[in-house]
Amino acid sequence: MFGEKAVSLVKELHRCPPEQLHPVNEDLMRQVFAEMTALFEANKSDIEVNDDNKMIPSIHLRHSALEHNRRCVLAYLKQRLNKITQFRWDHGAVLPEEIQVNMQEHEKQWFNKYNKSLANYMLSLNGLDITQNTVPPKSLKIQVRCLQDYGELETDSGDIIMLTVNSEHYLPLSECEHLIKQGVLQHMGS
Amino acid sequence: MIVNDILEFYRDICGERVLILVSTTVDGLCAWKILQSLLHMDNVQYTLIPVDGKSHLESAFRTHSDQNTVIVLIDCGGNINVSEELEPLPDSQVYVLDSHIPYDLDNIYDGDVVKVVIPESFDLEVPRYEDIYEEDSENEDEPNRKRRREEEEEEEDSLLPRKERWKRKREELLFTYYELSGYNLSVSLMIFELAWKMSKDNSQYLWWAIIGVTDQYLNCKIGRDQYVTTCGTVQQHVQRLNNHSDSTSVNQMKIKYSNELRLDLYRHWSLMESLKHSSYTASRFRIWTSKGKKKLNEFLADMGLPLLQCNQTFQSMDMEIRREVCGWIEVTAQKYGLDDISYGSFELQYGFKNKYCAGDVLQAVSAALTCPTLDTEAAFLRAQDTLNRSNEKLIHTGIEQSKALCCSLLNQVQAFIDMKQVVCTGPFVYAVIQEGVAELEVFAHPSRLLRLCRYLSEAYCATTRKAAVLPFIIASALPLDPEYSCIVGVPPLSVDSNKSYLGRAFHQAADKVNASVEFEDFEPSVMQIKSEDKAKFFDALTALLMT
């Protein structure tokens, strides 16, 4: 049946977990393209050979199958780009290796362009990083527990805080975020 | 300097970065939990360091005090000279919230740096300033000199004795002031009342305060009278909070006043085990003798409680029995001379399956707090998590640990009595946990040793009546450092007040024989002594208490 392969292409994308990106299924794409070429050729020959109207229904059928395939392929590619956009917001300007290897050359180019325009936009906002704090935080300060002897931490306000093992602190989120990522502090949900 | 208004204390710490040092007691922990929530509400940045002894307090203070101008000491620091021992910077403020009395007089009368927070309701018997401190020489000498010049040398003779008299009186006053050590109002209740005065109180805070108060009572830090009065205050808060909340959700915390049996953890254990291991029943029945076991069985038979049911976990007992058994025990206990087997306490319920009584939670928390396998800070943080409502698992771990502790306590007491290791010297009774005993590790924490000591005194007095008027002392080698031993003491059973003169006596005896001792703990009747000085120390203590 026409269009089945194109649908399986979309389904495959749907099965892919949101935090991953599978490589482009070129094989299946080629098959879809081949089907589309075949449909196009069949329509063309039908038009050229018979100029009466009795072939019009079959031409219509083939044409809508063709359109359907085109939509599926475009949706497939567009959805991949959407995912890559999301990765930019989640992971920052440099994507992890396992995502990059599955990106195609033109996708990488697109990603670079997207990066650039995002950076330009943020620059126009006096360098505000709009990818941070997309959800309003519940409180500006959080309760953290210190897991190792880290030493002194200088805060933005100029205060110095000694971080010793097994002490507990209540600090502004912005100041201890990187320490939580490093594993020095542990965030305690209250 | 004394701060009477606790609101003033809170106003001062808001808006600054606060350094908080909390002693590792259940009361201190509960107080901290309440204060922590308040600080979160007001967005106050803080640093918390749990401390377990004086030297630990000092080192933590040194490391962290440079960066903070406001420092709060919770349940510690009242009975040490803060400005001398901790040397706070002159522009800093040190607030002391402590339940240990007597307070060091220097904390009360010294400058503006150290502020002791004492609610007005507590009447503090402190000697007057003029009686303790010598007047500043400049202010006082001027008129003296003038007078001297006027009245010449006749006055000289009478001046000296006056000073002498003042000195003697001062010594006497100081002696009576520092002689007895004890506890006043629980710190957690104090902080709860702070929350109440700011209209920020809720059932959760009240529950924490109740655990703090229960800790004071069950660990004999306050006497029965004081406990009953405090319970009255708490009861008012309970009623007010229950009235205010009109929501009928099951998940809401509901606190209820109830009569509680002096049986450890029986809701989470079997009735038989609990009766066997609780200090109150074990010592009254003398459970370590075969006669005692028989008597316990007789007691159960008297109630008409089948053994099959008693040996089951409490939760699996028949519904009817479970509902009625507390009343039966109370009635039957009177026949067996266990008059005060119950005391007024509180229980908490939320959700369909969570029901805890204050005593059980207290045991779970204190087991986590004194856990021998964790270091102090980690144990404190673990205990802090145990108090959170969402951590049922930790409560149950705590309860299991606490059961193990109850078994160890009974075994150790039984060993003491069976092996006749309890020695009566005349003015006091003592026992020594021998080195190399497996239980040594279990009793590493001074508060566990204190509990053992109370258990032993109850058990020993059940057989030897006249020992009830004598204080009990236990010595045990420190498992980490066998060179040193830990010595703890509890006041005599028959004395109603919970004030103890042992801390003072320990000091004097150690001074007399020049033993190398350390008073690490905030509780004065706990001390560390070099093991070789132990015999010498006991001799001196005997001589001292004889007089």
Side-chain angles (χ1 to χ4, degrees), chain A residues 19 90 92 122 125-190, chain B residues 13-22 24 29 32-52 56 59-72 74 204 369 374-391 394:
Chain A
E19 68 281 0
D90 293 346
M122 289 199 284
L125 300 171
N126 296 328
L128 177 76
D129 189 356
I130 56 168
T131 60
Q132 293 292 319
N133 289 334
T134 47
V135 183
K138 274 201 171 155
S139 75
L140 290 174
K141 291 170 187 163
I142 54 167
Q143 185 186 346
V144 288
R145 191 168 284 182
C146 193
L147 301 176
Q148 43 178 279
D149 277 321
Y150 177 78
E152 292 181 351
L153 167 75
E154 192 167 348
T155 63
D156 294 345
S157 53
D159 291 337
I160 290 172
I161 300 162
M162 276 296 280
L163 297 178
T164 51
V165 67
N166 278 331
S167 56
E168 233 180 60
H169 307 265
Y170 193 56
L171 296 173
L173 179 66
S174 54
E175 273 160 23
C176 47
E177 212 170 12
H178 62 286
L179 289 174
I180 295 175
K181 277 183 188 155
Q182 282 174 34
V184 178
L185 299 176
Q186 185 192 0
H187 179 195
M188 304 303 299
S190 49
Chain B
I13 66 169
C14 273
E16 301 264 357
R17 271 188 56 81
V18 195
L19 170 67
I20 290 160
L21 299 158
V22 187
T24 53
L29 172 70
W32 162 238
K33 283 293 282 184
I34 305 174
L35 186 63
Q36 184 187 36
S37 310
L38 293 178
L39 292 180
H40 279 191
M41 265 184 220
D42 285 309
N43 257 315
V44 180
Q45 291 189 44
Y46 62 76
T47 296
L48 157 78
I49 319 282
V51 291
D52 68 341
H56 191 182
S59 65
F61 197 92
R62 293 258 150 75
T63 331
H64 294 276
S65 64
D66 312 345
Q67 299 96 33
N68 299 279
T69 49
V70 180
I71 296 147
V72 181
I74 296 181
Q204 176 71 76
L369 200 60
L374 292 171
D375 60 353
T376 325
E377 292 107 334
F380 183 85
L381 297 180
R382 165 81 68 83
Q384 190 183 327
D385 292 342
T386 308
L387 274 177
N388 277 353
R389 186 179 143 170
S390 52
N391 280 324
L394 277 177

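This structure is a prediction, so every number in the text was calculated from the model and none was measured.
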Worksheet item: Is there a donor in the side chain of B/Gln36 and an acceptor in the side chain of A/Glu168, or the other way round, less than 3.5 Å apart?
Response: yes
Is any side-chain heavy atom of [X] less than 4.5 Å from a side-chain heavy atom of [Y]?
{"X": "A/Leu171", "Y": "B/Gln45", "answer": "yes"}
{"X": "A/Asp159", "Y": "B/Arg17", "answer": "yes"}
{"X": "A/Tyr170", "Y": "B/His40", "answer": "yes"}
{"X": "B/Tyr46", "Y": "A/Gln143", "answer": "yes"}
{"X": "A/Ile161", "Y": "B/Gln67", "answer": "no"}
{"X": "A/Arg145", "Y": "B/Asp385", "answer": "yes"}

Worksheet, complete the sentence: Here the gap from A/Met162 atom CE to B/Thr63 atom OG1, rounded to the nearest 0.5 Å, amounts to 6.0 Å
Worksheet, complete the sentence: Rounding to 0.5 Å, atoms CG (B/Leu381) and SG (A/Cys146) come to a distance of 10.5 Å
Discussion item. Just so I understand: if I count every heavy-atom pair under 4.5 Å between each of B/Ile49, B/Asn43, B/Thr376 and chain A, which residue has the most?
Written reply: B/Asn43
Worksheet entry | Residue among B/Val18, B/Val44, B/Asp66, B/Leu19 with most heavy-atom pairs under 4.5 Å to chain A |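 Highest number of pairs under 4.5 Å: B/Val44.
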Item to complete: Check whether B/Asn68 gets within reach of chain A through its side chain, its backbone, both or neither, counting any heavy atom under 4.5 Å.
Response: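 Neither part.
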Item to complete: Might you confirm whether atom CG of A/Leu125 has over 12 heavy atoms from other residues, nucleotides or ligands at distances under 6.0 Å?
Response: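 Yes - once you tally the heavy atoms of other residues, nucleotides and ligands closer than 6.0 Å, there are more than 12.
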Worksheet item: After noting the C-alpha distance and the side-chain angles of A/Thr164 and B/His64, does the key distance pass the side-chain contact (heavy atoms from CB on, under 4.5 Å) rule?
Response: CA-CA 9 Å; A/Thr164 51; B/His64 294 276; 3.3 Å; yes
